[in-house]
Amino acid sequence: MKLNKQDILKALETISAPGEGQNMVESGAVTNVVTFADEVIVDITITNPSLQAKKKTEVEIMKTIHDIVYEKAKITVNVKVDAPTQSAPNVIKGKAIPGIKNIIAVASGKGGVGKSTVTANLAVTLAKMGFKVGVLDADIYGPSMPIMFDVELERPLAVNIDGKSKMRPVENYGVKMLSIGFFTKPDQAVVWRGPMAAKALNQMIFDAAWGELDFMLLDLPPGTGDIHLSIMQSLPITGAVVVSTPQNVALADAKKGVAMFQQESINVPVLGIIENMAYFTPEELPDNKYYIFGKEGAQNLAEDLKVRFLGELPLVQSIREAGDVGRPAALQTATPLEQAFEKLTQNVVEEVVRRNDNLPPTEAIKITTMAGCSAVKK
């Protein structure tokens, strides 16, 4: 039987294009149809890159032609994927570190919102879940991780790895850690310009024997400055988590923190926003919540920016006390705080898995003096 192109197109008009409100032909998905005797070739473009979508489209076209036009037609379906621009790849930038699977930047636009406390508790919760975890204290001018992990007096030792001398990170609570605080005196201020700080960070990143890690958490300094650019130039960042408190003053800076990661020349996936100090509950009134800094500000910001709200953490005295004595509050078993940090950490892990499933690894960025950031393919 000799097939006719118009018959094929008429048959394809019975198939709806997903999300278009039109059929495959009207929507422009069918780009070409060629017939020769009992053979037909259909070229079609879809926006869903998944293997299931491709297979479903191919099967649907073949079944429709067999049912409506000719049951013995020899059909070839060429499926091309043209994903929409908003799903353009978020790239992992920088030089990969062997053995480290995921690097999560924990940032805040504003200081004093509890970013380091959140980082420390995320780290120990990940370790409790069985993951291999490391923390790089990238806050050169205000390192606090040695205090929060009760290792202020520890010093990284030198080890020989493949003939090269490397720093062995300090370890406590199952978390490996490096910080500029290990190399300075407690009362010594770090008065360095940007290049010096960047060089110190690079040494802690690439001259350290981190070993195998499922997660490395970066405790970034507040703001959106030179250290952040140096980190994103040097390290393959999997994604970023932004910490904020609910009040407008903090949210304004948190919005800038998200914008920094999302700008086209940097393009680091933002995994979500955490609301710290969301409410205060006095110990003697456990059912009462006092919204000292405002209510659900970070949650509303996450909705506005179309990123995930990862969870809220209460303003509790024991969190501060635990950080001061060097035992993160997430280690307090069978408490509401432990449950809050576990839920928060589960949400972060979910977002990392989703990011790795849906987005490919990325390009490096080149930071220039005049132009700021520009993407460079390697």
Side-chain angles (χ1 to χ4, degrees), residues 94 97 99-108 111 113-157 166-184 190 197 200-222 227-228 230-232 234-243 271 274 276 310 313 319 322-331 341-342 344-345 348-349 352:
I97 305 176
I100 299 181
K101 296 178 182 176
N102 299 287
I103 300 180
I104 310 300
V106 184
S108 67
V113 297
K115 167 184 49 62
S116 296
T117 300
V118 169
T119 303
N121 283 281
L122 278 175
V124 296
T125 305
L126 285 167
K128 284 166 60 181
M129 289 177 174
F131 293 109
K132 297 175 182 176
V133 187
V135 172
L136 174 64
D137 189 352
D139 194 347
I140 293 290
Y141 305 110
S144 52
M145 285 300 157
I147 295 174
M148 292 190 173
F149 280 84
D150 193 24
V151 287
E152 289 176 272
L153 302 180
E154 300 289 332
R155 294 293 179 266
L157 300 176
K166 300 267 188 179
M167 287 182 285
R168 176 187 289 163
V170 173
E171 188 169 349
N172 200 13
Y173 309 127
V175 177
K176 295 178 180 179
M177 169 193 346
L178 278 178
S179 168
I180 199 68
F182 293 134
F183 306 100
T184 59
V190 179
L201 278 175
N202 273 331
Q203 286 184 311
M204 289 193 290
I205 293 166
F206 296 109
D207 293 342
W210 289 103
E212 297 287 329
L213 293 180
D214 297 305
F215 292 94
M216 174 187 275
L217 303 183
L218 305 179
D219 183 29
L220 294 177
I227 296 296
H228 303 77
S230 297
I231 283 284
M232 286 182 284
S234 302
L235 278 177
I237 307 293
T238 306
V241 170
V242 175
V243 180
L271 303 175
I274 294 170
N276 193 27
L310 295 168
L313 295 168
I319 295 181
D324 283 350
V325 299
R327 184 174 171 81
L331 294 172
F341 282 115
E342 281 182 353
L344 184 69
T345 306
V348 171
V349 173
V352 171

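Side-chain atoms are counted along with the backbone in the values below, which use heavy atoms only and exclude waters and symmetry mates.
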Check the orientation of Phe215 and Phe131. Use parallel for under 30°, tilted for 30 to 60°, and perpendicular for over 60°.
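Geometry flag for Phe131 against Phe215: perpendicular rings.
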Any side-chain to backbone donor/acceptor pair from [X] onto [Y]? Under 3.5 Å, distance only.
{"X": "Thr238", "Y": "Ile104", "answer": "no"}
{"X": "Asp214", "Y": "Lys132", "answer": "yes"}
{"X": "Asn121", "Y": "Ala330", "answer": "yes"}
{"X": "Asp137", "Y": "Ser144", "answer": "yes"}
{"X": "Asp219", "Y": "Val135", "answer": "no"}

Of all heavy-atom pairs between [X] and [Y], which one has the smallest distance, and what is that distance?
{"X": "Tyr173", "Y": "Ala127", "value": "O-CB, 3.8 Å"}
{"X": "Pro328", "Y": "Met148", "value": "CD-O, 3.5 Å"}
{"X": "Ala208", "Y": "Leu178", "value": "CB-CD1, 3.4 Å"}
{"X": "Trp210", "Y": "Pro169", "value": "CE3-CG, 3.7 Å"}
{"X": "Leu220", "Y": "Ala138", "value": "CD2-CB, 4.0 Å"}
{"X": "Ile237", "Y": "Ala105", "value": "CG2-CB, 4.3 Å"}

Which residues share a salt bridge (Lys or Arg N to Asp or Glu O under 4.0 Å) with Lys128, sequence neighbours left out:
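Checked Lys128 against salt bridge (Lys or Arg N to Asp or Glu O under 4.0 Å); matches are Glu338.
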With rounding to the nearest 0.5 Å, note down the distance linking [atom1] in [X] to [atom2] in [Y].
{"X": "Thr119", "Y": "Met177", "atom1": "OG1", "atom2": "CE", "value": "11.5 Å"}
{"X": "Glu212", "Y": "Ile100", "atom1": "CD", "atom2": "CD1", "value": "9.0 Å"}
{"X": "Glu342", "Y": "Leu126", "atom1": "CD", "atom2": "CG", "value": "11.0 Å"}

For Phe341 and Val124: C-alpha separation, side-chain torsions, deciding distance, then whether side-chain contact (heavy atoms from CB on, under 4.5 Å) applies.
CA-CA 10 Å; Phe341 282 115; Val124 296; over 6 Å; no
Stepwise side-chain contact (heavy atoms from CB on, under 4.5 Å) check, Thr117 with Leu313:
CA-CA 11 Å; Thr117 300; Leu313 295 168; over 6 Å; no
Under a 4.5 Å cut-off applied to non-hydrogen side-chain atoms, are Val113 and Asn276 in contact?
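Val113 does not reach Asn276 side chain to side chain.
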Determine whether Glu154 and Pro146 make a side-chain contact, defined as any pair of heavy atoms from C-beta on separated by less than 4.5 Å.
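SC-SC contact between Glu154 and Pro146 ruled out.
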Does Ala209 have any side-chain contact (heavy atoms from CB on, under 4.5 Å) partners at least two apart in sequence or in another chain, and if so, which?
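Scan of Ala209 (side-chain contact (heavy atoms from CB on, under 4.5 Å), adjacent residues dropped) gives Val159, Ile161, Lys166.
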Given salt bridge (Lys or Arg N to Asp or Glu O under 4.0 Å), test Arg327 with Asp150 step by step and report yes or no.
CA-CA 7 Å; Arg327 184 174 171 81; Asp150 193 24; over 6 Å; no
